[in-house]
Amino acid sequence: MRYQHALLPTLKEAPSDATSVSHVLLLRGGFVRRVGAGIYSFLPLGVRVLRKIETIIRRELDRAGAEEVLLPALLPAEYFQESGRWEVFGDTLLRLKDRKGADYHLGPTHEEIITDLARREIRSYRDLPKNLYQIQTKFRDEPRPRGGLLRCREFSMKDAYSFDATEEAARVTYEKMRVAYRRIFDQLGLDYRMVAADSGAMGGSGSAEFQVLVQSGEDQIAACTACEHAANLEIATTTTPAVGPEPDAVPPREQVATPGAGTIEDVSRFLEAPPERFLKSLLYVAGNDIAMAVVRGDHEVNEVKLARVLGAREVFLASANDIEKATGAAVGFAGPVGFSGRLLVDRDAAAVRDAITGANATDAHFVHVVRGRDYEGEVVDLRNVREGDACPRCGASLRLYRGIEAGHIFLLGTHYTAKMGATYLDEKGENKHLVMGCYGIGVSRLVATAIEQHHDDNGIRWPISIAPYHVHIVALGTEPSVKSVVDKLERELEARGIDVLVDDRDDRPGVKFKDADLVGVPFRVTVGAKSLERGGVELKARTEPDPKRSELIPREGAAEAIAARVRSALAAIAPG
RNA sequence: CGGGGUGUACCUCAACCUGGUAGAGGACCGGCUUUGGGUGCCGGUUGUUGUGGGUUCAAAUCCCACCACCCCGACCA
C-alpha cells in the first residue's frame with residue numbers, strides 16, 4: 001500500500017477524552033474514529049488488524065472441527081423471552097420496535113438463536129457432535145463504555161457453541177476448544193494466562209478465562225510461579241497456615257479500652273500487636289439480611305466468595321447506621337464475640353488462636369479471643385488471595401497480575417437446551433437434552449488489548465502476527481535512485497507474501513519516522529540517499545529501543561533477506 | 001443509577017471570575033526555505049461559543065432547564 005493513496009490520518013495530539021493508552025494510540029495512529037459513546041468506525045489500518053486476528057481464529061477453529069455460521073444481529077424478542085433473558089439482561093439489552101410496534105433487540109450474545117437452530121436441525125445422536133461459530137457484531141447498552149475499544153456498546157466478537165450427546169462428550173469438546181484457544185492466543189503474540197473463573201450467571205459446570213496480562217487491566221488474577229495454576233481473584237484460593245500459640249496457653253478474654261482507635265492500624269499501634277493477630281469484622285447486607293464477615297486483620301474480604309456463601313446475588317457493605325444497630329457500637333468496634341446474627345469466619349481468621357477484635361462496644365476491644373471458646377460461626381473461605389500465598393495445587397507461591405478478559409469458555413450443560421426444549425433421540429430412541437458449551441473471544445477488544453500490552457512512548461509495537469503490515473518502507477528524498485529501489489523492494493516483498501506499507505509522501509524524514517513508530521509496523525526499512533551510498537537499505541525492528549540503531553541490508557537480495565526476517569519472526573510465535 | 005467534571009475552529013486549549021466586535025498553537029491551503037527524528041519565515045481558510053429559554057442597551061461570559069461527553073463508583077453472558 002502506498003501511503004499517498006491510503007486513508008491514514010495520524011494525529012500529533014489525541015482528543016482529551018481518550019484516557020487509556022490503547023485508545024490514544026488507536027486514535028493517533030489513524031486506526032479508529034469515535035462515532036458515539038462506545039461506538040467506533042474502523043479505518044483501513046484498523047480493519048487490517050481486525051482481519052488478521054479473525055484469520056488466526058478461523059484457521060484454528062476450523063482446524064478444531066468447528067464450522068462457521070452467521071446469525072442475525074437483529075433479533076425478534078421471542079427468543080430471549082423464551083429463555084427469560086429478555087428480563088434478565090435488563091437495560092444492557094438494546095431494544096427497539098419495528099413499524100408494527102413488535103419488540104426486537106440487537107444481539108448481545110446468541111445462545112438462544114443457536115439453540116433454536118439446534119432444536120430444529122439436530123434430531124438424532126447421529127447428528128452429533130456439532131460445533132458452530134460466528135464472528136459477529138454484538139450490541140450491549142453498557143452502563144459505562146470506556147477505554148475506547150476495551151468496552152464498547154457495539155463490538156466484534158467471535159462466539160462458538162457446541163452441542164454434544166452427553167456430559168462426557170461435551171467435556172471432550174470443551175477440552176478441544178481449550179487447546180484451540182491456547183493455539184489462538186499463542187499466535188496472537190500476547191502474554192496471557194488461562195485462569196479458572198466464576199461461571200457466574202451463565203450456570204454450567206466449568207469455565208476458563210483467557211486473560212491478557214496488562215497493568216491497566218480491570219481483572220485481578222492469582223497465578224502460580226511454579227505450576228500452570230491460575231485463577232481469577234474472585235475465586236482464587238490458597239492453603240491455610242495457622243498462627244499463634246496453642247489454645248490452652250491463651251489467657252482468658254479481656255476487654256481493653258481503645259478510645260478513638262477504630263481502624264486496625266490505630267489499634268495495632270495502640271496495643272503494639274501486628275495486624276495478623278486481629279480479627280477484622282465487616283458487616284454486609286445481603287437482601288434483607290445482615291451478616292458479619294470476619295477475616296484476619298491483614299486480609300481483605302472477597303465479596304464474590306461471600307455472596308456465594310450467603311446464597312445472594314450480591315452483597316453490600318452495611319451503612320454506619322446498620323452497623324450501629326447490629327453491633328450496638330460505633331463503626332470500627334465490631335467483633336464476632338456475642339454477635340447474634342449470621343457469622344462467617346474466614347479459615348485464616350479462625351486459625352488465629354489469640355486474637356484481638358472489636359468488643360461490640362464503642363472505644364473497646366477484646367484481647368485473647370479464641371474461636372470455640374469465645375465465639376463460633378461458620379468457617380469458610382472468605383478472603384482474597386495475596387501475593388506470596390501458597391498455590392493450592394503445588395504449594396509454590398502465587399503472584400498477582402492484572403488482566404483484560406479477552407476470551408472465555410464455558411461448559412454450559414443443558415441450561416439453555418432444557419429451557420428451550422432442544423432434544424435429540426439417542427440410540428435407544430429416548431429423548432435427551434443436547435449438552436452445550438459456549439466459547440467467546442472479544443475480537444475488537446483484542447485490538448486494544450494488544451496495544452495495552454505492546455507499546456512504548458513513541459507508539460504501538462504490534463505483534464507481527466496481527467500487525468496491519470509486516471514491513472514499513474520509509475522512502476527518503478525524491479531522487480530517482482531511491483524511488484526505483486523502493487519500487488523494486490515493494491514488488492519483490494509483495495511477491496513473497498509480505499504486507500508492505502510504503503511511505504512515499506513528500507515529507508521530512510522526522511515526520512515519517514515519527515509516524516512509523518506511532519503506527520507500529522514491526523519492521524521498518526529506510527531507503528534514502530545515505531543508505532544507498534552505504535550500499536543498501538536499513539532495517540530496524542520496532543522493538544529496537546535505540547532510534548538510531550539499524551542494520552544495513554545489501555541492496556542485492558534485500559527483499560529475500562527482509563522476507564526471511566519476517567518469516568522467522570512469524571515462526572517464532574507459531575503454535576508448537 | 002449515585003458522586004465529580006467538561007462542552008468555544010478538525011485537534012489541544014485561552015477569553016468566562018469582573019457582560020462590550022471570539023483568539024493562540026497544531027492541522028489544512030499558497031509561497032519561500034529546509035531535507036536522516038514532528039524545520040523556519042510570510043500569507044490564508046475554518047465558529048449557530050452543545051440546545052432552548054430568561055436577565056440586560058448588550059451574553060461565550062450572569063440565571064434556569066435540557067442534552068451530550070469524560071472520570072470515580074455501582075454494573076459488566
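Chain identifiers are assigned alphabetically (A, B, ...) following the order of the sequence lines, protein sequences preceding nucleic acid strands; residue numbering begins at 1 within each chain. Keep in mind it's a predicted model, so treat the numbers as computed, not measured.
Distance from the side chain of A:Ala37 is smallest to B:C70 among B:C70, B:A74, B:G38. Side-chain atoms of A:Asp517 lie closest to B:G37 of the nucleotides B:G38, B:C76, B:G37. Among B:G36, B:U12, B:A74, the nucleotide with an atom closest to any side-chain atom of A:Glu538 is B:G36. Distances were taken from every side-chain heavy atom of A:Glu13 (C-beta onward) to each of B:U12, B:C69, B:G36; the shortest belongs to B:U12. Listed nucleotides: B:U12, B:G37, B:C71. Nearest to the side chain of A:Pro15: B:U12. Picking from B:G38, B:G36, B:C11 the nucleotide with the shortest atom distance to the side chain of A:Leu518 gives B:G38.
For B:C41, the paired base is B:G31 (Watson-Crick or G-U wobble, both distances below 3.5 Å).
A gap of 30 Å separates the P atoms of B:G23 and B:C32, to the nearest Å. B:G25 sits 36 Å from B:C64 when the P atoms are compared, rounded to a whole Å. Straight-line distance between the P atoms of B:U61 and B:G19: roughly 12 Å, to the nearest whole Å. The separation of B:G53 from B:C70, taken at their C1' atoms, amounts to 27 Å, rounded to a whole angstrom. Atom name C1', nucleotides B:A22 and B:G40: the rounded distance is 29 Å, in whole Å.
Side-chain N/O atoms of A:Lys12 include none lying less than 4.0 angstrom from OP1 or OP2 on B:U12. In terms of phosphate contacts, A:Thr19 brings a side-chain nitrogen or oxygen within less than 4.0 Å of OP1 or OP2 of B:C71. Put simply, A:Ser16 has a side-chain N or O that comes within less than 4.0 Å of OP1 or OP2 on B:C13. Taking only side-chain nitrogens and oxygens, A:Arg508 comes nearer than 4.0 Å to OP1 or OP2 of B:U39.
Of the residues near RNA chain B, A:Arg445 and A:Pro547, the one whose nearest nucleotide (by heavy atom distance) lies more toward the 5' end is A:Pro547.
Looking only at side-chain heavy atoms (C-beta outward), A:Arg140 and A:Arg153 stay at 4.5 Å or farther from each other. When side chains are defined from C-beta on, A:Leu106 does not count as touching A:Pro108, because their heavy atoms never get closer than 4.5 Å.
In the model, A:Asn232 has no side-chain atom that pairs as donor or acceptor with a side-chain atom of A:Gln220 under 3.5 Å.
Among the heavy atoms of the strands lying under 4.0 Å from A:Arg524 is at least one base atom, whether or not backbone atoms are also near.
Comment: A:Glu544 does not engage A:Arg461 in a salt bridge, judged by the lack of any side-chain N to carboxylate O separation of less than 4.0 angstrom.
No donor-acceptor pair closer than 3.5 Å links the side chain of A:Arg524 to the backbone N or O of A:Lys540.
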